[in-house]
Amino acid sequence: MSNKLNTPKGTRDHLPVDVRKREYIFKAIAKAFQSYGYQPIETPSFELSSTLMGKYGDEGDRLIFRILNSGEKVKKADVQALQNDELAKFANSISEKALRYDLTVPFARFVVQHQNDLCFPFKRYQIQPVWRADRPQHGRYQEFYQCDGDVVGSDSLRNEVELIRIIKQVLSGLNLPGFTIKLNNRKVLSGIAEVCGVEQELIALTVALDKLDKIGKEGVVDELVSKGFSQEVLDKIDPLFGLEGSFETRLEKLKVFLRGSEIGLKGLEELSFVHSKLQDFDANHELLELDVTLARGLNYYTGIIIEVKAHEVEMGSICGGGRYDDLTGLFGLKGLSGVGISFGADRIYDVLNSLNLFPASLSEGPEVLFLNFSESTADQCDVWANVLRSRDHIVEVYPSASKLQKQMKYANDRGAKWVVFYGDEEAAKQQVVLKNMSDGTQTSYSAGSWINEWLG
RNA sequence: GAGGUUGUAGCUCAGUUGGUUAGAGCGUCGGAUUGUGGUUCCGAAGGUCGCGGGUUCGAGACCCGUCUUCCUCCCCA
């Protein structure tokens with residue numbers, strides 16, 4: 001091999017065993033969404049750049065993969081812009097399409113475009129890959145699957161409740177032993193900023209707060225100081241760092257903190273409602289956590305925000321979401337509220353893998369492998385194999401009459417449960433020999449009726 | 001986008017202050033064993049030392065660039 005082969009940065013191949021594991025995750029997610037009446041949709045891998053650009057903030061725009069124009073369109077290149085060092089303008093002149101960055105913005109486009117064909121409230125789920133031109137890191141890829149579920153056209157908080165139930169159903173179904181569903185509300189964050197008199201610096205404040213569990217209180221304070229926040233503000237938010245206790249306890253403390261902010265109290269009311277509807281499954285107060293430092297970067301969220309962390313493994317959030325009051329407004333359809341969550345299938349994969357939580361049955365090979373001794377006996381084996389397949393068994397016939405040792409090694413490597421011997425010797429005696437590969441025992445059956453006898 | 005790190009056989013890795021023909025284990029293939037796997041023994045194939053340039057009598061090793069790996073930051077699933 002002259003060139004070193006590799007997949008592009010941040011991408012991976014998936015071996016058969018990996019694909020089975022991923023399908024196991026996708027199935028659990030799809031099943032949960034379906035059980036709540038969510039319907040599947042798909043959208044194209046790429047969108048018009050104008051659909052995506054400007055929806056994720058400057059950071060997001062930088063991470064969107066652009067698709068180069070082809071053919072005659074190359075001539076549209078704005079060389080003047082390049083010479084003037086106007087790189088964004090130049091990029092727009094050579095690219096009109098881009099790979100989708102997430103599933104939410106394309107979904108908003110989808111809803112606006114097909115509003116006459118949809119029945120609202122519209123609940124959909126979508127499992128497709130997305131692409132980000134990010135630096136790869138642990139649990140971060142340039143191509144990864146998102147599994148989104150959203151409801152649009154209903155501002156009822158019961159949708160939030162439902163989505164949280166779905167999260168629990170999925171992660172419990174995957175036997176993930178420990179995870180925390182963190183909740184916050186953009187309105188609470190706005191309220192905090194209001195109480196502190198720094199409404200204009202809301203983003204800087206929340207971005208710093210968001211890092212609390214990572215860099216600690218001192219780190220957050222340092223960052224706020226460097227961003228120019230006054231000592232007065234730091235003193236005011238100090239109680240937020242020490243927020244402890246149950247969901248209810250934190251709610252009460254925050255009610256005091258936010259008593260001067262109408263919007264902040266509204267946010268607390270929403271959180272309280274959602275929490276009260278989930279008492280049954282959070283009886284031990286282990287799943288739901290009110291975390292005022294939870295911010296989430298995407299700036300289209302306006303209400304409750306959700307983030308899920310797995311315990312016992314270093315990994316970013318495995319699921320996130322929230323309410324956005326006017327996402328479709330970006331595309332001209334006003335007044336349609338939505339709420340959604342997004343499972344990071346690749347991160348869930350990494351978590352389940354490192355905790356060894358995939359069922360062993362996923363890697364099983366064929367149930368039955370027919371050895372190949374000759375053309376004529378293999379033809380007979382094909383007939384039997386098709387009978388077994390019609391009865392839902394996974395069956396292979398070895399394709400050529402290779403040395404038996406080689407065929408047996410194949411059976412072993414593939415993890416075949418049973419191997420069928422039907423060669424000239426067996427044909428002469430009108431019998432079939434079945435070998436159990438796990439204990440090595442062999443049993444003879446009459447060639448005319450062995451399938452029924454064997455299957456009992 | 002900033003900083004650091006990595007790359008030698010299909011895989012995991014040795015390779016001395018720069019010095020003849022670059023090694024091992026595993027895997028693969030062949031044989032011991034022409035109808036019986038997971039164990040054993042013997043043998044073989046497999047390398048532009050990531051790629052490009054430079055320094056040097058001489059580079060896998062040193063320098064520069066580039067791509068890739070992993071990590072920290074930014075941001076995020």
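Because only heavy atoms are used, hydrogens play no part in the values below, and waters and symmetry mates are left out as well, while side chains stay in. Not measured: the values here are computed from a predicted model. A note on names: the letters A, B, ... follow the listed sequences, proteins ahead of strands, and every chain is numbered from 1.
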Review point. Does R132(A) get its side chain close enough to the base of rA77(B), under 3.5 Å, for a donor-acceptor pair?
Key: yes
Using the ring of F65(A) (Phe, Tyr or Trp, six-membered ring only), decide whether R132(A) places NZ or CZ under 6.0 Å from its centre and within 45 degrees of its axis.
no
Judged by nearest nucleotide, the residue sitting upstream toward the 5' end of RNA chain B, E59(A) or G344(A), is E59(A)
Practice item. Look at E201(A) together with K227(A) and state whether they make a salt bridge at an N to O cut-off of under 4.0 Å. Key: no
Q113(A) meets the side chain to side chain donor-acceptor pair (under 3.5 Å) criterion, sequence neighbours left out, with R109(A)
Ranking rC71(B), rG35(B), rC75(B) by distance to the side chain of L63(A), first place goes to rC75(B)
Donor-acceptor list for residues 449-456 of chain A side chains, cut-off 3.5 Å, not counting sequence neighbours:
{"unit_1": "S449(A)", "atom_1": "OG", "unit_2": "E453(A)", "atom_2": "OE2", "d": "2.6"}
{"unit_1": "N452(A)", "atom_1": "OD1", "unit_2": "R391(A)", "atom_2": "NH1", "d": "3.3"}
{"unit_1": "N452(A)", "atom_1": "OD1", "unit_2": "R391(A)", "atom_2": "NH2", "d": "3.3"}

**Message:** Work out how far the P atom of rC67(B) is from that of rC76(B), and round it to whole angstrom.
**Reply:** 26 Å
### Message
So for R347(A) and rC76(B), does any side-chain atom that can act as donor or acceptor lie under 3.5 Å from a complementary atom in the base?
### Response
yes
- Query: Contact class for S342(A) (heavy atom, under 4.0 Å): base, sugar-phosphate, or nothing?
  - Reply: nothing
Picking from rG30(B), rC74(B), rC70(B), the nucleotide nearest the side-chain atoms of K406(A) would be rG30(B)
Quick note, V207(A) side chain, CB onward, closest among rA77(B), rG35(B), rC75(B) is rC75(B)
Looking only at rG35(B), rA32(B), rC75(B), the nucleotide nearest the L404(A) side chain is rG35(B)
Q: Ignoring hydrogens and angles, answer whether the base of rC73(B) and the side-chain atoms of R135(A) contain a donor-acceptor pair closer than 3.5 Å.
A: no
- prompt: When rounded to the nearest Å, what value does the distance between C1' atoms of rG1(B) and rU20(B) take?
  reply: 48 Å
Sorted by chain and number, sequence neighbours left out, side chain to side chain contact (heavy atoms under 4.5 Å, CB included) with E367(A) holds for H393(A), I394(A), K417(A)
message = Please classify the nucleic acid contact of K211(A) as base, sugar-phosphate, or nothing, using heavy-atom distances under 4.0 Å.
response = sugar-phosphate
By side chain to side chain contact (heavy atoms under 4.5 Å, CB included), F46(A) pairs with (sequence neighbours left out) I67(A), K97(A), L99(A)
### Query
So what does G415(A) touch, heavy atoms closer than 4.0 Å: a base, only the sugar-phosphate, or nothing?
nothing
Item to check | Interatomic distance at C1', rG35(B) relative to rU28(B), whole Å | outcome: 24 Å
Across all chains, not counting sequence neighbours, the side chain to side chain contact (heavy atoms under 4.5 Å, CB included) partners of A378(A) are N372(A)
Kindly determine whether Y141(A) and D350(A) satisfy side-chain hydrogen bond (donor to acceptor under 3.5 Å, both in side chains), including the steps that lead there. CA-CA 12 Å; Y141(A) 307 98; D350(A) 287 346; 2.6 Å; yes
In numerical order, the residues of residues 419-437 of chain A whose heavy atoms come under 4.0 Å of RNA chain B are F421(A), G423(A), D424(A), E425(A), E426(A), K435(A), M437(A)
Assert: residue with more 5' nearest nucleotide on RNA chain B, out of D346(A) and T11(A), is T11(A)
Original post:
Hey, does the side chain of K409(A) come within less than 4.0 Å of rU36(B)'s phosphate (OP1/OP2), counting only N and O?
Top reply: no
The side chain to side chain contact (heavy atoms under 4.5 Å, CB included) partners of E160(A) (sequence neighbours excluded) come to L157(A), V274(A), I304(A), R323(A), V339(A)
Any stem touching RNA chain B, meaning at least three consecutive Watson-Crick or G-U pairs under 3.5 Å, ordered by first number, would be B:1-4 with B:70-73, B:10-13 with B:23-26, B:28-32 with B:40-44, B:50-54 with B:62-66
- Task: For G60(A), report the nucleic acid contact type (base, sugar-phosphate, nothing); a contact means any heavy atom under 4.0 Å.
- Result: nothing
task = Give Y410(A) one of three labels, base, sugar-phosphate or nothing, depending on what nucleic acid heavy atoms sit under 4.0 Å from its own.
result = nothing
Contacts of D424(A) meeting side chain to side chain donor-acceptor pair (under 3.5 Å) (sequence neighbours excluded), chain-then-number -> none
Of rC75(B), rG30(B), rU36(B), the nucleotide closest to the side chain of R140(A) is rC75(B)
Exactly one of T328(A), D326(A), D325(A) clears side chain to side chain donor-acceptor pair (under 3.5 Å) with S337(A), and that residue is D325(A)
For rG47(B) versus rG4(B), give the span between their C1' atoms, rounded off to a whole number of Å. 30 Å
Would you say K403(A) places a side-chain N or O within less than 4.0 Å of OP1 or OP2 belonging to rG30(B)?
no
Kindly indicate whether the side chain of Q407(A) and the base of rU36(B) share any N or O donor-acceptor pair separated by less than 3.5 Å? no
Query raised in the report: Counting any heavy atom closer than 4.0 Å, what does Y145(A) reach on the DNA or RNA strands: base, sugar-phosphate only, or nothing?
Result: nothing
Check your understanding: Roughly how far apart, to the nearest Å, are rC62(B) and rU16(B) at atom P?
Key -> 10 Å
Note to self: Under 4.0 Å, counting only non-hydrogen atoms across every strand here, what does Q137(A) touch: a base, just sugar-phosphate, or nothing?
What the structure shows: base
